[in-house]
Amino acid sequence: MIQLPKGTKDILPDEMYKWKYFYRKIEEICRSYRIEEIKTPVFEYTELFQRGVGETTDVVQKEMYTFDDKGGRSITLRPEGTAGVARSYIENGMGSKPGPIKLYYAMQMYRYENVQKGRYREFNQLGIEYLNTQAPSADVEIINVATKILDSLKITDVIVEINSIGCPVCRKKYQEILKSFFKNNLENYCETCQNRFEKNPMRILDCKEEKCKKLNETAPSILDYLCEECREHFEKVKSGLNELNIKYVINPKIVRGLDYYTKTVFEIISKKDGFAVLAGGRYDGLIEEIGGAKTACIGFAAGIERILSLIDEENLNIEENIPELYIATIGEEAENIATKIVSSLREKNIICEKDISGRSLKAQFKYADKIKAKYCITIGEEEIRNKVAKIKLMSTGEEETVGLSVEDIISKLS
Ligand code: ATP
Ligand code: MG
């Protein structure tokens, strides 16, 4: 049998209701902030990610699905959403619209990862991007949206971690100091970190290897080297979060390590398993990097699978596709009547079913039970003659008489 590719998964109907619930919440919340949805292509020219995600990142160096198409162009399945959104922003002239442009997306991403729990090769991200806004209040609002989404899903066992990584001006000095700190001990860091030393030293702070983490404990903090503007920006972000009563901790080890990432960076971590549910930050230099005008932006991406794994269903009122009514039938005439009734009820968005498998009456009852139908009506010869039937509340077995008209039936469903 052919199996699904490693790192991918099917999302089956018995899990889909959770995804739908999530999407409904997102739509609701985003509408209230006037954040509009965007979709970009699954594949882009490879160069977009090389420039937009950065040559020195793990994503570009190790994780991309890249191939030449039949026309000989290098194509990459998107490993993240921001680069495509930034390209679309430039290409569609969104910069000339009244800013900020507030966008969200929920799309599949592709990364050639070491597959493990919470880490797939095809996964879904919710991303929110605010483009063309440089004020600290945009940072506050975007962190506020992130916490609101988790709150609405009753995911509360999380920590918001924030940091500022300054701007290319103040970072230059910090990077020199950081490099001289690493230099003394470089041979004790992992190989990946040793490679990062020249090209992307700040990334070393983000290493997940225990021995590197230990060495990093005494590393100098970027927060001691911020320039006046970046310091002030960070202060305003913090006080904005305080105003909104959003709890956070400052973690100077959160970095992005690319030139076009600036100022605020943040992550929301699940306390339960230590995973980052969501990560984001300012990228004031990205649009310019990929060919647009200088445009200040901030955004985040959340792993939808990771969010859904934290949902406690008991705590949420997630609707399943439970049918309101099942109509059991005996004979062809009864079936015709049932067909008419269910089609009228469906017009009114009432979830209902009737037999379409030619089952015996007993098997129909069994099926109604299995699909957890709330009510069941049985139609046979006698019911047809008298134009009334019994409607049974399945949970108690209680029965009532109902006329075989759509209006009567609706009045009994509650
Ligand atoms: P990590 O350090 O865990 O590899 P990352 O820095 O690569 O994370 P981002 O690119 O910032 O992650 O992506 C944002 C979010 O997307 C992550 O916080 C996580 O929730 C989710 N995510 C990233 N990679 C995967 C994956 N392979 N499978 C499932 N979710 C993922
Ligand atoms: Mg990763």
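Numbering of ligands and ligand atoms starts at 1, following listing order.
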> Going by an N to O cut-off under 4.0 Å, is there a salt bridge joining E28 and R31?
Replying inline: no
>> Under 4.0 Å, heavy-atom basis, I'd like to know which part of Q125 is in contact with ligand 1: side chain, backbone, both or neither.
In response: side chain
>> Which of the numbered atoms in ligand 1 are under 4.0 angstrom from any heavy atom belonging to G118?
In response: 28 (N), 29 (C), 30 (N)
> What part of L278, side chain, backbone, both or neither, has a heavy atom within less than 4.0 angstrom of ligand 1?
Replying inline: backbone
> Got a second to check how far I298's CD1 is from R282's CZ, nearest 0.5 Å?
Replying inline: 5.0 Å
> Which protein heavy atom lies closest to atom 21 (C) of ligand 1, and at what distance to 0.1 Å?
Replying inline: G303 CA, 3.6 Å
>> Does the protein place a non-hydrogen atom closer than 4.0 angstrom to atom 8 (O) of ligand 1?
In response: no
> What do we get for E113 next to ligand 1 when only non-hydrogen atoms under 4.0 Å count, side chain, backbone, both or neither?
Replying inline: side chain
> What do we get for R121 next to ligand 1 when only non-hydrogen atoms under 4.0 Å count, side chain, backbone, both or neither?
Replying inline: neither
>> When you compare ligand 1 with F123, is there at least one nitrogen or oxygen pair between them that comes in under 3.5 angstrom?
In response: no
> Is there at least one pair of N or O atoms, one from A302 and one from ligand 1, spaced under 3.5 Å apart?
Replying inline: no
> In terms of side-chain geometry, is the basic nitrogen of K213 or E210 positioned less than 4.0 Å from the acidic oxygen of its partner?
Replying inline: yes
> With the threshold set at 4.0 Å, does a side-chain nitrogen-carboxylate oxygen contact exist between D151 and K148?
Replying inline: no
> Any idea which protein heavy atom is nearest atom 4 (O) of ligand 1, and the distance to it?
Replying inline: R119 NH1, 2.9 Å
> Any idea which protein heavy atom is nearest atom 19 (C) of ligand 1, and the distance to it?
Replying inline: R306 NH1, 3.4 Å
>> For the 3.5 Å polar cut-off, considering only N or O atoms, please tell me whether A301 and ligand 1 meet it.
In response: no
> How does V277 reach ligand 1, if at all, at less than 4.0 Å between non-hydrogen atoms: by side chain, backbone, both, or neither?
Replying inline: backbone
>> Between R196 and D58 (salt bridge meaning N to carboxylate O under 4.0 Å), is one present in this structure?
In response: yes
> Which residue and non-hydrogen atom of the protein lie closest to atom 17 (C) of ligand 1, and at what distance in Å?
Replying inline: A276 O, 3.9 Å
> How far does CD1 of I143 sit from CG of L241, to the nearest 0.5 angstrom?
Replying inline: 5.0 Å
> Looking at R111 and E80, does any basic side-chain N land under 4.0 Å from a carboxylate oxygen?
Replying inline: no
> Which residue owns the protein heavy atom closest to atom 10 (O) of ligand 1, what's the atom, and how far is it?
Replying inline: R111 NH2, 2.8 Å
> How about Y283 and E129: does a side-chain donor come under 3.5 Å of a side-chain acceptor?
Replying inline: yes
> How close does the nearest protein non-hydrogen atom get to atom 2 (O) of ligand 1, and which residue and atom is it?
Replying inline: K208 NZ, 3.4 Å
> Under a 4.0 Å N-O cut-off, is there an ion pair linking E198 with K179?
Replying inline: yes
>> Check this for me: does any side-chain nitrogen of one of E27 and R24 sit under 4.0 Å from a carboxylate oxygen of the other?
In response: no
> Would R78 and E44 pass as an ion pair if we require N to O under 4.0 Å?
Replying inline: no
> Roughly how far, to the nearest 0.5 Å, is CG of N124 from OH of Y23?
Replying inline: 5.0 Å
> Can you find a protein heavy atom closer to atom 30 (N) of ligand 1 than 4.0 Å?
Replying inline: yes
>> Taking only non-hydrogen atoms of E267, do any sit less than 4.0 angstrom from ligand 1?
In response: no
> What is the nearest protein non-hydrogen atom to atom 11 (O) of ligand 1, stated with its residue, atom name and distance?
Replying inline: A279 CB, 3.6 Å
> In terms of residue, atom name and distance, what is the protein heavy atom nearest to atom 28 (N) of ligand 1?
Replying inline: Y120 N, 3.0 Å
